[in-house]
Amino acid sequence: GVDAMSFAADVSDDSACRDMMKTAADEFGRLDVLVNNAGTTRFIAHSDLESVTDDDWDRILAVNLKGPFQCIRAAQEFMQANDGGEIVNVASIAGISFAGSSIPYGASKAGLINLTISLARVLGPSIRVNAIAPGFIAGEWLEQGLGEHYDAAKKFVESRSALGQVCRPEDVADAIVSVIGGSDLITGQTVVVDGGYFVGPKSS
């Protein structure tokens with residue numbers, strides 16, 4: 001029941017980010033909301049330092065950290081032309097804990113959380129910038145990445161979470177919408193969506 005469009009782009013390419021934001025603004029007449037959800041990784045055991053390559057660092061940081069910056073930079077003029085907007089960066093609990101698919105991935109998400117704070121200062125008061133930090137997300141991405149270890153990892157996280165369950169993609173989407181549609185006094189914040197994994201298991 002709504003109009004939508006797709007635009008194929010690599011967010012690590014600044015010109016592609018600028019073209020994408022301009023196309024969206026031209027198509028719909030304005031730009032109010034930006035959700036930076038593009039991400040990449042390579043699954044590497046944290047202890048296996050020798051397996052981390054320069055290409056891993058370059059690609060993961062380019063997509064997960066530089067990409068959101070470039071999209072925000074490209075979007076700001078269109079948002080400010082319409083009295084502001086809302087930006088949500090999709091980070092990860094890997095950015096604030098030992099978890100995550102690899103060390104470069106965790107570092108990229110930690111950088112994204114810091115970027116959220118910095119740009120909330122720069123772009124306020126007309127543009128709010130916040131982040132969502134999901135935990136373990138059930139679904140195809142982790143199934144492929146973890147392979148035969150997926151079920152055991154999922155059960156482990158569920159057993160260590162206060163709510164006894166892991167995220168679904170819908171839970172992350174709901175959190176994003178709640179930040180966009182919620183209080184206009186929230187900016188520079190990171191909302192953890194992990195089923196209470198950081199809180200820990202239910203007390204006996």
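All values reported here derive from a predicted model rather than from experimental measurement.
Taking CD of E50 as the reference point, atom CG of D48 lies at 8.0 Å (rounded to 0.5 Å). Interatomic distance, I44 CD1 to Y105 OH, rounded to the nearest 0.5 Å: 13.5 Å. Interatomic distance, E27 CD to M5 CE, rounded to the nearest 0.5 Å: 5.0 Å. Once rounded to the nearest 0.5 Å, the distance linking CZ of F7 with CG of D19 reads 5.0 Å. With rounding to the nearest 0.5 Å, the separation of CG in L49 from CD1 in I103 is 5.5 Å. Rounded to the nearest 0.5 Å, atoms CZ (R18) and CG (D13) are 10.5 Å apart.
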Determine, stepwise, if the pair L31 / M21 fulfils side-chain contact (heavy atoms from CB on, under 4.5 Å). CA-CA 8 Å; L31 185 60; M21 299 308 154; 4.1 Å; yes

Under the salt bridge (charged side-chain N to carboxylate O under 4.0 Å, His left out) criterion, do D14 and K66 qualify, and how do the steps go? CA-CA 9 Å; D14 182 56; K66 189 169 74 171; over 6 Å; no

Where do R59 and D10 land on the salt bridge (charged side-chain N to carboxylate O under 4.0 Å, His left out) test, with the steps shown first? CA-CA 11 Å; R59 181 61 180 164; D10 180 350; 3.3 Å; yes

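Members clustered with V172: V33, V35, V88, V90, I132, I137, I176, V179, I180, V191, V193, by chain and number, using a 4.5 Å side-chain heavy-atom cutoff among hydrophobic residues. Think of I60 as one node in a network of Ile, Leu, Val, Met, Phe, Trp and Tyr side chains linked at under 4.5 Å; it has no links at all.
Inter-residue side-chain proximity for D184 and E86 is flagged as met; some heavy-atom pair is nearer than 4.5 Å. The side-chain heavy atoms of D26 and T23, taken from C-beta on, include no pair separated by under 4.5 Å. At least one side-chain heavy atom of K109 sits less than 4.5 Å from a side-chain heavy atom of N64. No side-chain heavy atom of D56 sits less than 4.5 Å from a side-chain heavy atom of S102.
Here the closest non-hydrogen pair linking G95 and A110 is O-CB, 3.3 Å. Taking both residues in full, the closest heavy atoms of N36 and C71 are given as OD1-CB, 3.3 Å, listed atom of the first, atom of the second, then distance. Residues G111 and L65 approach most closely at C-CD1, 3.4 Å, considering heavy atoms. Of all the heavy atoms in G67 and C17, the pair that sits closest is O-SG, 4.3 Å. Residues S101 and T41 share a closest heavy-atom pair of OG-OG1, 2.5 Å. When all heavy atoms of A9 and A16 are compared, the closest pair comes out as CB-CB, 4.0 Å.
The only option from N89, I72, T187 that meets the side-chain contact (heavy atoms from CB on, under 4.5 Å) definition with T116 turns out to be N89.
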Which pairs would a plain distance check flag for residues 75-84, meaning a side-chain donor or acceptor within less than 3.5 Å of a matching protein atom at least two apart in sequence or in another chain?
{"residue": "N82", "atom": "ND2", "partner": "F78", "partner atom": "O", "Å": "3.3"}

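The environment of D54 atom CG is sparse: at most 12 non-hydrogen atoms of other residues, nucleotides or ligands sit within 6.0 angstrom.
Identified under the ring-ring contact (aromatic ring centres under 6.0 Å, His included) test for residues 158-203, with sequence neighbours left out: none. For residues 156-169, the salt bridge (charged side-chain N to carboxylate O under 4.0 Å, His left out) pairs, not counting sequence neighbours, are K154-E158, R168-E170, R168-D171.
Linking Ile, Leu, Val, Met, Phe, Trp and Tyr residues whenever their side-chain heavy atoms come within less than 4.5 Å places M20 and I87 in a single cluster. One hydrophobic cluster holds both F43 and Y150 under the rule that ILVMFWY side chains link at heavy-atom gaps under 4.5 Å. A single hydrophobic cluster is seen to contain both L34 and L115, as judged by linkage of ILVMFWY side chains at heavy-atom distances under 4.5 Å, directly or through other members. Note on I96 and L61: separate hydrophobic clusters, where clusters join Ile, Leu, Val, Met, Phe, Trp and Tyr whose side-chain heavy atoms are under 4.5 Å apart, directly or indirectly. L119 and I113 sit in two unconnected hydrophobic clusters of ILVMFWY residues. Membership requires side-chain heavy atoms under 4.5 Å apart, directly or through other members.
Side-chain atoms of D32 do not come within 3.5 Å of backbone N or O of G85 as any donor-acceptor pair. For the pair S183 (side chain) and L185 (backbone), a donor-acceptor distance under 3.5 Å is present. Remark: side-chain polar atoms of D194 are not paired, donor with acceptor, to backbone N or O of P134 under 3.5 angstrom. In this structure, the side chain of N130 engages the main chain of I186 through a donor-acceptor pair within 3.5 Å.
Residues that satisfy the salt bridge (Lys or Arg N to Asp or Glu O under 4.0 Å) test with K155, not counting sequence neighbours, are absent from this structure.
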